[in-house]
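Just so it is clear, the model here is predicted, and its values are computed rather than measured.
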Amino acid sequence: MAQYHLTIEQANQQYIQFKVIFENVAPDSIIHLPKWRPGRYELGNFAKNVRGFKVFDLNGKVVSFHKTDLSSWKIEVEETTTIRVEYSYYAAELNAGSTYLSKEMLYSNPVNCFVYQDGKKEEACEVSLNIPSNWNIASSMEREGNVLKAANFDELADSPFICSASLQYNQYESHGTIFHLWFQGDCAVEWPRLIKDFKAFTDKQIEKFIEFPVSHYHFLFHILPYKAYHGVEHQKSTVISLGPTYDVFGALYTELLGVSSHELYHTWNVKAIRPIEMYPYDYQTENLSKLGYLCEGVTTYMGDLMLYKSGVFDLNQYLHEFTGQLQKHFDNFGRFHYSVADSSYDTWLDGYAPGAPGRKVSIYTEGCLLAFVCDVKIREHSGNKHGLDELMKRLYFNFALANKGVSEADYIALLKELAGPEIEELITDYFYGTRPFEAILTEALETIGLELTHKPNHRYSVGRIGFKSLAAGAHFHVAAIYPGSPADLAGLMINDEIIAVNEFKLNGDLDNWLSYLDDQNKRLTVIRQGKILELALPEVQRSFYLEYGVEVIENPNSFQKKAFEYWSK
């Protein structure tokens, strides 16, 4: 058994002290710290937060070691023995996937900060927490007092926990499973509303899969006083950070529902139905996969759709979320250069940052839209007998419960079986190619009695000049440029700071000046790398960055009515 002892010597310094007992350590054994965390397909380099790594035998004698790579230590013992590893971990980042320490709270994602012995991941793990007596513990792990237990390191790494005196708790039941709700933060939780909505979408998700993969489940919420939105899936829990606090049960309530439904769906899709490249997880290297369109794309689509199917969202609310995905798709010119499959592979290259402009696409957005199209195609081919939820159920029973990973070929074979062999062209052209989505989206929407709409962008700088900007005091920083637009032709560059239009100094009123002045002879004054430049905007008679939407067809035919009815169930 691996035994972990965590203490907090001075919380304001934000270092957590670890003492770890490893048994049966053979000569030249290696101790690892994970290099990434499941749910975030990029290297995390967590070892940068480790300080004072030391090794001792049971008598307190120093044991020599040396690093074999940035996150691994080879232990130099002469015979198999028990050792004690000590180190401190700097925990100063608070999000759904991090580890954080303050005088009010200890929060840990063990995959960030718990070391393990190479070749011994299957050994049981025990975590002893030296925390204040008035702190409660929120975790999916088995608990005895301040001791948490995991069957093996994979379970430990996948089981975040929060220790705090201010945790708020409630629960609900769905299909025989208890779902635990933990809120950390100064938040007035509207329990009746929350439990009603959470139970509704949980019931619907379990109904579609027939069963829930685990015996209990925990929602761990960090409610923060500043803007935040992040969720991370785990097999028996999820961590969600959201803020600002005052909006969580107001303007952000839709976001709370959306991210919670999304992360719950991951309990099946990604935590149980897992790409073969991640079966099992290898924490020491990139687990490269092109199945982002399944892992995140299908989950994004189904997470919101389950809110609609369960009655938590009405149609307008659902279409608002779907329109957001459409807008992201059409505003990203990476769709002409890189497929969603290749973009999935490359999350490991540049993470989740926007990266080079127009280079890649989002596995969430593109995968979501393709999941919708496949859902409709399956319904068409099966006469509304099946939808994408049938495909996901088969993946769960045929692969997850059989302890097998899913390959690209497995997923594509099931798509062909349920949607017909003609789906292969869509897979080739859109999953693995860069063919424009307009035609397949329009066709799929019309099949269920909806239509794709667009109109000119309401902002002059965006719709007529072709650039997006972010306000920075009185000025504006250029964030995106539409290829071939007046902004592009004028030589505007990303990160340019716009300070004036036709020599009129800006005071947060960029669009006012651009729309007020004559269409011809507009000039932007910008600061670029310390130099002041003036750029002349050519006149182009077209619109850029169109605003997309989805509307219900006014007089749908009987086929569309029936298709919509089955799609909505």
Please tell me whether Tyr283 and Asp154 have a donor and an acceptor in their side chains that are separated by less than 3.5 angstrom. yes
Tyr293-Tyr432 side chain donor-acceptor pair, cut-off 3.5 Å: yes
May I ask you to test the Phe397-Lys393 pair for a side-chain heavy-atom distance under 4.5 Å? yes
Would you say that more than 12 heavy atoms from the other residues, nucleotides or ligands in this model lie under 6.0 Å from the NZ of Lys67, or not? yes
Is there a side-chain contact between Met141 and Phe161 in this structure, where contact means two heavy atoms from C-beta onward sitting under 4.5 Å apart? yes
Test your reading of the model: is there a side-chain donor-acceptor pair from Arg335 to the backbone of His329, 3.5 Å cut-off? yes
May I ask you to decide if Asp282's main-chain N or O and Asn287's side chain share a donor-acceptor pair within less than 3.5 Å? yes
Is a donor on one side and an acceptor on the other found under 3.5 Å between the side chain of Asn59 and the backbone of Lys61? no
Quick one, Lys208 and Lys204 - any side-chain contact, counting heavy atoms below 4.5 Å? yes
Atom of Gly97, atom of Asn109 and distance for their closest heavy-atom approach: C-ND2, 3.4 Å
Between Met278 and Ser289, what is the shortest heavy-atom contact and its length? CE-CB, 4.3 Å
Do Phe249 and Leu194 have side chains that approach each other closer than 4.5 Å (heavy atoms only, starting at C-beta)? yes
Is the distance from the ring center of Tyr396 to that of Phe399 below 6.0 Å? no
Gln325 versus Thr365, closest heavy-atom pair with distance: OE1-OG1, 2.9 Å
Under a 3.5 Å cutoff, is there a donor and acceptor pairing between the side chains of Gln17 and His5? no
If we ignore angles and hydrogens, is there a donor and acceptor under 3.5 Å between the side chains of Thr202 and Tyr172? yes
Is there a side-chain hydrogen bond (donor to acceptor under 3.5 Å, both in side chains) between Asp346 and Ser343 once you walk through the steps? CA-CA 5 Å; Asp346 275 13; Ser343 294; over 6 Å; no
Is Arg51 positioned over the aromatic face of Tyr90, cation under 6.0 angstrom from the ring centre and no more than 45 degrees off axis? no
Residues Thr238 and Glu233: side-chain donor-acceptor under 3.5 angstrom: no
Taking the six-membered ring of Tyr281 (Phe, Tyr or Trp), confirm whether the NZ or CZ of Arg274 is under 6.0 Å from its centre and within 45° of its axis. yes
Can you find a heavy atom in the side chain of Leu257 that is under 4.5 Å from one in the side chain of Ser260? no
So, using side-chain hydrogen bond (donor to acceptor under 3.5 Å, both in side chains) as the criterion, who are the partners of Asp304 when residues are at least two apart? none
Any chance the rings of Phe198 and Phe179 have centres within less than 6.0 Å? no
Steps toward side-chain hydrogen bond (donor to acceptor under 3.5 Å, both in side chains) verdict (Ser174, Asp203): CA-CA 6 Å; Ser174 177; Asp203 285 347; 2.5 Å; yes
Taking Ser237 for its side chain and His234 for its backbone only, find out whether a donor-acceptor pair lies under 3.5 Å. no
Derivation and outcome, side-chain contact (heavy atoms from CB on, under 4.5 Å), residues Leu388 and Tyr301: CA-CA 10 Å; Leu388 188 62; Tyr301 173 61; 4.1 Å; yes
Polar side chain donor-acceptor pair, Asn269 to Thr299, under 3.5 angstrom: yes
Please work out which of the three classes, parallel, tilted or perpendicular, describes the rings of Phe53 and Trp73, given edges at 30° and 60°. parallel
Salt-bridge present (Asp331, Lys468; N to O < 4.0 Å): yes
For residues Tyr279 and Lys404, determine if any side-chain heavy atom of one lies less than 4.5 Å from a side-chain heavy atom of the other. no
Given Tyr87, which partner from the list Phe114, Phe18, Tyr15 fulfils the ring-ring contact (aromatic ring centres under 6.0 Å, His included) test? Phe18
If only atom types and distance count, is the side chain of Ser261 paired as donor or acceptor with the main-chain N or O of Gly303 below 3.5 Å? yes
So, do Ser166 and Gln184 sit near enough that their side-chain heavy atoms are less than 4.5 Å apart? yes
Closest contact, heavy atoms only, Asn495 versus His477: O-CD2, 4.3 Å
Salt-bridge present (Glu144, Lys149; N to O < 4.0 Å): yes
Backbone N/O of Gln235 and side chain of Asp158: donor-acceptor pair under 3.5 Å: yes
Less than 4.5 Å apart, any side-chain heavy atom of Thr267 and any of Gln205? no
Carefully, step by step, assess His266 and Glu296 under the rule side-chain contact (heavy atoms from CB on, under 4.5 Å). CA-CA 8 Å; His266 269 314; Glu296 296 297 349; 3.1 Å; yes
For Gly44, does its backbone N or O pair with a side-chain atom of Lys48 as donor and acceptor, under 3.5 Å? yes
Any donor-acceptor N/O pair, Trp268 side chain to Glu211 backbone, under 3.5 Å: yes
Do the side chains of Glu155 and Lys236 get close enough for a salt bridge, i.e. N-O under 4.0 angstrom? yes
Return yes if some donor-acceptor pair links the side-chain N/O of Tyr107 with the main-chain N/O of Ala96 below 3.5 Å, else return no. yes
Donor-acceptor check, side chain of Asp247 to backbone of Pro244, threshold 3.5 angstrom: yes or no? no
Between Asn136 and Tyr169, is there a side-chain donor-acceptor contact under 3.5 Å, judged purely by atom types and distance? no
